[in-house]
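Shown next, in structure tokens, is the structure this report addresses.
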Amino acid sequence: MNAPLLPSHRLIANAQPALEQLGVDMSDDLDEIYRQLSSTRTGKYARLFTTNAYKARLSMKKGVLSGVQYLSPARQSGITAYTSCPWASEGCSSTCLTGTGHMVTDIAGIARAKRTLRWYLDPVRTARDLEGELRMLEGKAFIERYDPTIRLNGTSDRPFWQWVDHTAHAVQFYDYTKMPPTRPLLDVAASGWHLTFSLSESPRSMKQSRLWAAAGVNTAIVVSGPSGSVRGKAKKIAEHLVKRGEFAGRPTIDGDVDDLRWLDPANGGWVVLAAKGGLAKTEAHGFVVRFDPDRLLGTDCDPVDALLSPFDHERFTLTASAVAAK
């Protein structure tokens, strides 16, 4: 009879396919595996987050030094029975940011996989490494006169507040999430870890959005025109909704101008994002909220009446009615 696996050995066994794909020298020694995962090809320390993401660069123009951590989304890590996005919908998974820009490169994919494995195999040590990086972020921000911020779920949806004491840092923590608004999660948001709910095509998502809104938490929506619409069309639709100031009974907020979500009014509004990347162009699950641009742009048409999907028309009409009834 085989002896039962120790917890660390069980984790290594689950991670074995991912480790082998990365070319990590297999060992029962977690210390050695972690050393390889936390090192670059040249042997230097591999950072958990970057300050060079597109949205991070936009933030710097407004005096904010922002770090973003990118992990392997959904089940892309290759770890057996593990997902970085437990609440992800099919539509969200099919339009993930990892399919756009430099994120599609092998180097970026390997870096995401290594970070994911670090958190999976040894969250205590990874959290300790993160603490050191956060101190460096704070120091750099102080010297260069920026406000430091961090988004740990750039392409994931994990409860990192379980491992990181955000109250111990002069850093603004923030994230987007699809998690339902449980009392512990609402307490996390109330304690200063800013959260924005992310709407999906899941039948439960709009109900959860309404519950989040009741607590003052905003909801992000991704918008575009009909399937196949170019990014420019999606941008015009997003700008129209923001300029109008209201959609389905809730105020609208420009989510593309920056990523400073903690500065948004806490009024349960819509954070409007234009669909980006080729994957979102033809997304057909319903994650992208699609409008008829001919009915919407340059008119006084109620945006709800310009929705192309009957499913969207119904759920946003019900939401507007619920808001109006208050």
Side-chain angles (χ1 to χ4, degrees), residues 5-56 66-86 88 92-93 96-137 140 149-164 171 173 175-177:
L5 293 175
L6 296 173
S8 61
H9 292 173
R10 188 178 301 111
L11 293 176
I12 292 172
N14 290 341
Q16 183 173 346
L19 293 168
E20 290 179 345
Q21 186 173 4
L22 290 171
V24 173
D25 292 335
M26 292 302 298
S27 165
D28 288 336
D29 184 355
L30 183 57
D31 290 342
E32 172 56 24
I33 291 176
Y34 191 86
R35 184 195 65 78
Q36 294 179 64
L37 293 174
S38 58
S39 301
T40 66
R41 290 178 298 177
T42 59
K44 296 181 179 179
Y45 172 75
R47 294 180 59 182
L48 290 164
F49 63 82
T50 178
T51 57
N52 196 36
Y54 171 70
K55 281 288 187 74
S66 182
V68 186
Q69 176 180 245
Y70 294 112
L71 304 184
S72 299
R75 300 186 185 280
Q76 289 185 21
S77 66
I79 302 171
T80 302
Y82 177 81
T83 173
S84 295
C85 309
C92 177
S93 297
C96 185
L97 290 175
T98 55
T100 64
H102 78 280
M103 301 277 274
V104 304
T105 64
D106 290 341
I107 292 177
I110 290 171
R112 290 193 298 269
K114 283 186 171 182
R115 294 186 200 107
T116 308
L117 283 160
R118 288 166 71 178
W119 280 110
Y120 177 77
L121 291 171
D122 197 337
V124 173
R125 185 169 0 196
T126 308
R128 189 165 61 241
D129 284 348
L130 178 64
E131 290 283 342
E133 292 188 42
L134 289 172
R135 298 300 181 193
M136 292 178 64
L137 181 71
K140 179 178 175 64
T149 69
I150 187 73
R151 177 182 169 189
L152 293 179
N153 281 305
T155 47
S156 56
D157 198 2
R158 304 298 302 183
F160 286 110
W161 41 84
Q162 295 179 355
W163 301 105
V164 182
V171 177
F173 287 73
D175 273 312
Y176 295 79
T177 185

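- A distance-only check finds no donor-acceptor pair linking the side chain of Q21 to the backbone of G78 [under 3.5 Å].
- Heavy atoms only, all atoms of each residue included: T80 and P17 are closest at OG1-CG, 4.1 Å.
- Smallest separation of non-hydrogen atoms from E20 and M26: CG-CG, 4.2 Å.
- S84 and S72 are not linked by any side-chain donor-acceptor pair at a separation below 3.5 angstrom, with hydrogens and angles left out of the test.
- Using a distance-only test at 3.5 Å, with no hydrogens or angles considered, a donor-acceptor pair links the side chain of T83 to the main chain of A74.
- Taking M136 as the reference, nothing meets the side-chain contact (heavy atoms from CB on, under 4.5 Å) condition, with sequence neighbours excluded.
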Under 3.5 Å, which donor-acceptor pairs do the side chains of residues 120-127 form with other protein atoms, sequence neighbours left out?
unit_1	atom_1	unit_2	atom_2	d
Y120	OH	N14	ND2	3.0
D122	OD1	R125	N	3.1
D122	OD2	R125	NE	2.9
D122	OD2	R125	NH2	2.9
R125	NH1	D31	OD1	3.2
R125	NH2	D31	OD1	2.7
T126	OG1	Y34	OH	3.4
T126	OG1	R118	O	2.8
T126	OG1	D122	O	2.8

side-chain contact (heavy atoms from CB on, under 4.5 Å) between R151 and F49, intermediate numbers included | CA-CA 9 Å; R151 177 182 169 189; F49 63 82; over 6 Å; no

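- Between the D175 side chain and the N153 main chain, a donor and an acceptor come within less than 3.5 Å of each other.
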Checking side-chain contact (heavy atoms from CB on, under 4.5 Å) for the pair L130/W119: CA distance, chi angles, key distance, verdict?
-> CA-CA 10 Å; L130 178 64; W119 280 110; 4.0 Å; yes

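- In this structure, E131 does not pair ionically with R128, as no charged nitrogen and carboxylate oxygen lie closer than 4.0 Å.
- A 4.5 Å side-chain heavy-atom check between L22 and L117 finds at least one atom pair inside the cut-off.
- Within the cation-pi definition used here (under 6.0 Å to the ring centroid, within 45° of the axis), R47 does not qualify as a partner of Y45.
- For the residue pair V68 and I150, the shortest heavy atom distance occurs at N-CD1, 4.3 Å.
- Atom CG of residue D29 and atom NE2 of residue H9 lie 8.5 Å apart, to the nearest 0.5 angstrom.
- In this structure a side-chain-to-backbone donor-acceptor pair under 3.5 Å is missing from S156 to R158.
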Verdict with supporting geometry, V164 and F173, side-chain contact (heavy atoms from CB on, under 4.5 Å) = CA-CA 10 Å; V164 182; F173 287 73; 3.8 Å; yes

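- Shown here for S39 and R35, the closest heavy-atom pair between the two residues is OG-O, 2.6 Å.
- Remark: I110 CD1 to R41 CZ distance equals 7.0 Å, nearest 0.5 Å.
- R115 and L71 get closest at one heavy-atom pair: CB-CD2, 3.5 Å.
- Taking CG of D157 as the reference point, atom CG of L152 lies at 12.0 Å (rounded to 0.5 Å).
- Rounded to the nearest 0.5 angstrom, Q16 CD and I79 CD1 are separated by 12.5 Å.
- Annotation: the span from S66 atom OG to N52 atom CG amounts to 11.5 Å, rounded to 0.5 Å.
- Annotation for T51 and A56: closest pair O-CB, 3.7 Å, computed over non-hydrogen atoms.
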